[in-house]
Every structure is written in C-alpha cells, then in structure tokens.
Amino acid sequence: MDVFIHAVVLVFGLILPLGVQNVFVFNQGLTQKKVQHALPAVITAGISDTLLIGVAVGGMSLILVQWPLLTNILYGAGSLFLLYMAWGLWKSSGSPDGIPVAMSAGRQIAFAASVSLLNPHALLDTVAVIGTSSLQYEGGDGKRTDHERVNRNKEEVPKLGTKKDSPR
C-alpha cells in the first residue's frame with residue numbers, strides 16, 4: 001500500500017503544475033466542437049507519458065550516467081526543440097479575434113507527441129524524479145534493484161553501545 005500512496009503523491013506532484021502538454025490538451029478540449037474530437041491529444045499524451053515512465057523505471061538514468069555524451073546530445077536536442085517551438089509560436093498567425101483554432105486529429109497527435117516526448121522538462125521529470133524514486137522498490141519478479149543489492153552486501157554496523165557477538 002505504501003508503494004501505491006507514494007506513486008499517487010508523486011504523480012499528482014508532477015501533473016499539477018501546468019506545463020506545455022497540459023495547456024495543449026486543455027486548449028484542445030476547449031476548441032473542439034465535441035469532446036470526442038479532443039481524444040487524439042488526450043490519448044497521445046497518455047501513451048507518451050506511459051512510455052516515458054516505463055523508460056525511466058527501466059533504467060534510463062543509469063544509461064545516462066554511464067554515457068555522458070548521450071546526456072549532452074539529449075540536452076542539445078531539447079534546446080533545439082525549445083528554440084523551434086518558440087520560433088513556431090512567434091511566427092504563427094493566430095486567428096484575428098484571438099480565439100484558438102481547432103486542430104485536426106493528425107496535428108493533435110503530432111503536437112501532443114512532440115510536447116510530450118521532446119520536452120526537456122518532461123524528460124527530466126520522468127528520468128530524474130520518477131526513475132530515481134523507483135530505485136527503492138523491487139520488481140514484481142522478486143529481483144532486487146542495484147541499490148538494494150549494494151546495501152545487502154554491506155556488513156551490518158552494530159548499534160552504538162552494543163558489542164557484536166560478545167561472550168558472556
């Protein structure tokens with residue numbers, strides 16, 4: 001039960017601050033004529049978040065620690081993505097009355113996938129926060145995590161004021 005509570009608190013802590021993905025999904029819900037027309041954005045965002053969480057729990061942080069060049073490549077790609085998004089927003093011509101225009105299903109999927117999978121903030125949240133939080137739990141197959149294997153092999157330190165295996 002502790003794992004479930006920890007997961008719920010962690011998810012709410014990460015989802016409540018509004019980010020690009022949240023604002024995009026909300027806007028699609030507001031601009032579409034029917035709620036069903038906003039489903040491509042909602043489903044794509046959900047699948048993307050599930051994929052990122054799976055990668056984070058699967059050990060992506062360990063890969064990034066072992067290959068610093070990959071970390072730098074991801075930072076560079078994230079920076080280029082943010083510059084591209086800023087340029088696109090700056091150049092975009094909104095509607096004359098300022099009301100957002102509804103997107104087609106294909107554009108919703110492409111935009112939701114890009115703001116979910118290429119957003120550096122989302123990558124940091126999943127890899128750094130969720131990935132490292134998952135290290136304290138063992139898998140459903142009974143295998144221990146690397147962190148637990150290291151701690152299990154250390155010699156137990158006796159409590160202060162007690163003697164280990166002292167003869168009486």
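Index from 1, following the sequence.
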query: Hey, quick one: are Val115 and Tyr84 part of the same hydrophobic cluster, counting side-chain heavy atoms closer than 4.5 Å, chains of contacts allowed?
result: yes

query: From Leu69 CG over to Leu74 CG, what is the distance, rounded to the nearest 0.5 angstrom?
result: 10.0 Å

- request: Could you pull out the closest heavy-atom pair between Ser48 and Ala113, with the gap in Å?
  value: OG-CA, 4.2 Å

field: Pairwise distance CG(Leu124) to OH(Tyr75) - rounded to 0.5 angstrom
entry: 6.0 Å

Cluster link Phe4 to Phe12, ILVMFWY, side chain under 4.5 Å: yes

message: Check whether Thr44 reaches the backbone of Ala41 with its side chain - one donor and one acceptor, N or O, closer than 3.5 Å.
response: no

message: Would Val129 and Leu10 count as a side-chain contact (heavy atoms from CB on, under 4.5 Å) here? Give the steps.
response: CA-CA 9 Å; Val129 178; Leu10 185 63; 3.5 Å; yes

query: Which heavy atom in Gln108 sits nearest to a heavy atom in Met103, and how many Å separate them?
result: NE2-O, 3.2 Å

query: Among the clusters formed by ILVMFWY side chains lying less than 4.5 Å apart, do Val20 and Leu82 turn up in the same one?
result: yes

task: Heavy atoms only: give me the nearest Val42-Val25 pair and the separation to one decimal.
output: CG2-CG1, 3.8 Å

query: Leu18 and Asn22: which non-hydrogen atoms are nearest, and at how many Å?
result: CD2-CB, 3.8 Å

message: If I compare all heavy atoms of Ala122 with all of Leu52, which pair ends up nearest, and what's the gap?
response: CB-CD1, 4.4 Å

- request: Could you tell me the separation between the CD atom of Gln28 and the CG atom of Leu39, rounded to the nearest 0.5 Å?
  value: 11.5 Å

query: Can you tell me how far CZ of Phe24 sits from OG of Ser114, rounded to the nearest 0.5 angstrom?
result: 8.0 Å

Value rounded to 0.5 Å, distance of CD in Gln21 from NE2 in His121: 12.0 Å

CE-CG distance between Met60 and Leu70, expressed to the nearest 0.5 angstrom: 5.0 Å

task: Treat each ILVMFWY residue as a node, draw an edge where side-chain heavy atoms are under 4.5 Å apart, and state whether Leu51 and Ile43 are in one component.
output: no

message: For a quick test of reading the model, state the closest non-hydrogen atom pair linking Leu118 to Phe81 and the distance between them.
response: O-CD2, 3.3 Å

